[in-house]
Amino acid sequence: MTITTLDTPSAKPLLDWYDRHHRDLPWRISPGMAARGVKSDPYRVWLSEVMLQQTTVQAVKPYFEKFLERWPEVTDLAAAENDEVMAAWAGLGYYARARNLKKCAEAVAKEYGGVFPDTEEGLKSLPGIGDYTAAAIAAIAFNRQAAVMDGNVERVISRLYAIEAPLPAAKPLMKAKVALLTPSGRPGDFAQAMMDLGATICTPKRPACSLCPFRDACQALKSSDPELFPVKAAKKGKPVRHGAAFIAVTGEGEILLRRRAESGLLGGMTEVPTTAWTARLDGETSAAAAPFAAGWQASGTVIHVFTHFELRLSIWRAAIPSPVDTNDGWWEPVTNLEAQALPTVMKKAIAAAIPFAFKTSRA
DNA sequence: TAGGCGTGGGC
DNA sequence: TGCCCAAGCCT
């Protein structure tokens, strides 16, 4: 790979654009404040970056506020109960992030005396912090000249240089371009400016090129169509899996819940009893697979789409007078479901059998 | 390395 | 409406 500085534009127009058009976000120090010496809190930067992994700003905002209010410092999070953290994360998705968040907080508290390491290498050694997040924290919280590359930056760079090679193979080339473009002054603002640009101007569809600070330098705009970039490798089809979920409700208004295995899909989260989720549609989706004998009644089907498969869950409901002894799980009052670590698919399953179990109809 | 790993919004 | 997409990480 040959990289030259000859075709590298200046970062100054981008930084000037950022000074005027940056987004105000709960975890962000505005460039004006930063220029006056206000430092961003590494804990807040880390917390927001982990939450923002593959997750939209709008989805993250309420979770960030909730976590910060409940656990104001990394040492507070380190001392929290795992179940509390998982319940607080419920609904945000990619639950391995929550497990790693807790592990990371504990490592920072115990191994680093409650202070985040200030180098990419040190940060990357922590659970849940990879290439992107390590560079982002190093740049934003510690003002290090790290090459920050996320999906936004990939899009901006691929267009700026009209990179024809498909992702993910083209990543090293793109990262080298980012490194050349990253200024030694204001590296954190540069990283955030690239991401704001990708989120608001250099969007996947219908980019607003006339408003872009790189409009004079952009090779895709000059010689092609920016919307054609980045080029991506072909995707594969999404398989369908089937299963059954069982919602048992006692006369006292309790529901049978249990805890999923610690690792894997929805690891460590709470669920209602379900069969295995298999590719085949067979007897396993019938009431014969229920956790105990009762008058199980079909209550429709819930379809939930995960990243790599579509789940069709047959819902079965039973009203029983009092709790039944089961090998695992517990009986939880329906009025206390909001406090459980229930992923969205489980809220949908419960809502299908008990329409008023949750405040919002969506789940 | 490529696949596992959630969820909700936009078009 | 079915897809694409969103501040990726881990194995």
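Please read these numbers as outputs of a predicted model, since none were measured by experiment. Protein chains get the first letters and strands the later ones, always in sequence-line order, with residue 1 at the start of each. All values below were derived from every heavy atom in this structure, side-chain atoms included, with hydrogens, water molecules and symmetry-related copies excluded.
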Within the structure shown, what part of the strands sits under 4.0 Å from [X] by heavy-atom distance: base, sugar-phosphate, or nothing?
| X | answer |
| --- | --- |
| A:P127 | sugar-phosphate |
| A:L25 | base |
| A:W27 | base |

Roughly how many Å is it from [atom1] in [X] to [atom2] in [N], rounded to a whole number?
| X | N | atom1 | atom2 | value |
| --- | --- | --- | --- | --- |
| A:L52 | B:dG6 | CG | C1' | 15 Å |
| A:D131 | C:dC9 | CG | C1' | 10 Å |
| A:M86 | B:dG6 | CE | P | 9 Å |
| A:K238 | B:dG4 | NZ | P | 11 Å |
| A:K61 | C:dA7 | NZ | P | 14 Å |
| A:L92 | B:dT7 | CG | P | 10 Å |
| A:L311 | B:dT7 | CG | C1' | 14 Å |
| A:Q54 | B:dG3 | CD | P | 16 Å |

Counting only side-chain N and O atoms of [X], is one of them less than 4.0 Å from OP1 or OP2 of [N]?
| X | N | value |
| --- | --- | --- |
| A:H304 | B:dG6 | no |
| A:K235 | C:dC5 | yes |
| A:T344 | B:dG8 | yes |
| A:H308 | B:dC5 | yes |

**Study point:** Step-by-step side-chain hydrogen bond (donor to acceptor under 3.5 Å, both in side chains) determination, A:Q192 to A:R28
**Key:** CA-CA 9 Å; A:Q192 294 177 96; A:R28 177 179 280 180; 3.0 Å; yes

Can a donor-acceptor pair under 3.5 Å be found between the side-chain atoms of [X] and the base atoms of [N]?
| X | N | answer |
| --- | --- | --- |
| A:T307 | B:dG6 | yes |
| A:R155 | C:dA6 | no |
| A:T55 | B:dG6 | yes |

Review point. More 5' along DNA chain B: A:G267 or A:P168, using each one's nearest nucleotide?
Key: A:P168

Point to revise | Distance in Å, A:T200 OG1 paired with A:R23 CZ, rounded so as to fall on 0.5 Å steps | key: 6.5 Å

Quick one: which of [options] gets closest to the side chain of [X]?
| X | options | value |
| --- | --- | --- |
| A:P204 | C:dA6, B:dG6, C:dA7 | C:dA6 |
| A:F306 | B:dG6, C:dC10, C:dA6 | B:dG6 |
| A:L265 | C:dA7, B:dC5, C:dC9 | B:dC5 |
| A:Y132 | C:dG8, C:dA6, B:dT7 | C:dG8 |

Point to revise | Same-atom distance (P) from C:dT11 to B:dG6, integer angstrom | key: 14 Å

Review point. When you compare C:dA7 with B:dG4, how far apart are their P atoms, in angstrom units rounded to a whole number?
Key: 23 Å

Review point. Should the pair A:W296 and A:F246 be assigned to parallel (<30°), tilted (30 to 60°) or perpendicular (>60°) ring geometry?
Key: perpendicular

Practice item. Let me know which of A:W89, A:W27, A:Y43 forms a ring-ring contact (aromatic ring centres under 6.0 Å, His included) with A:F64. Key: A:W27

Exercise for review: Report yes if the side chains of A:L197 and A:Y18 come closer than 4.5 Å at any heavy-atom pair, otherwise no.
Suggested key: no

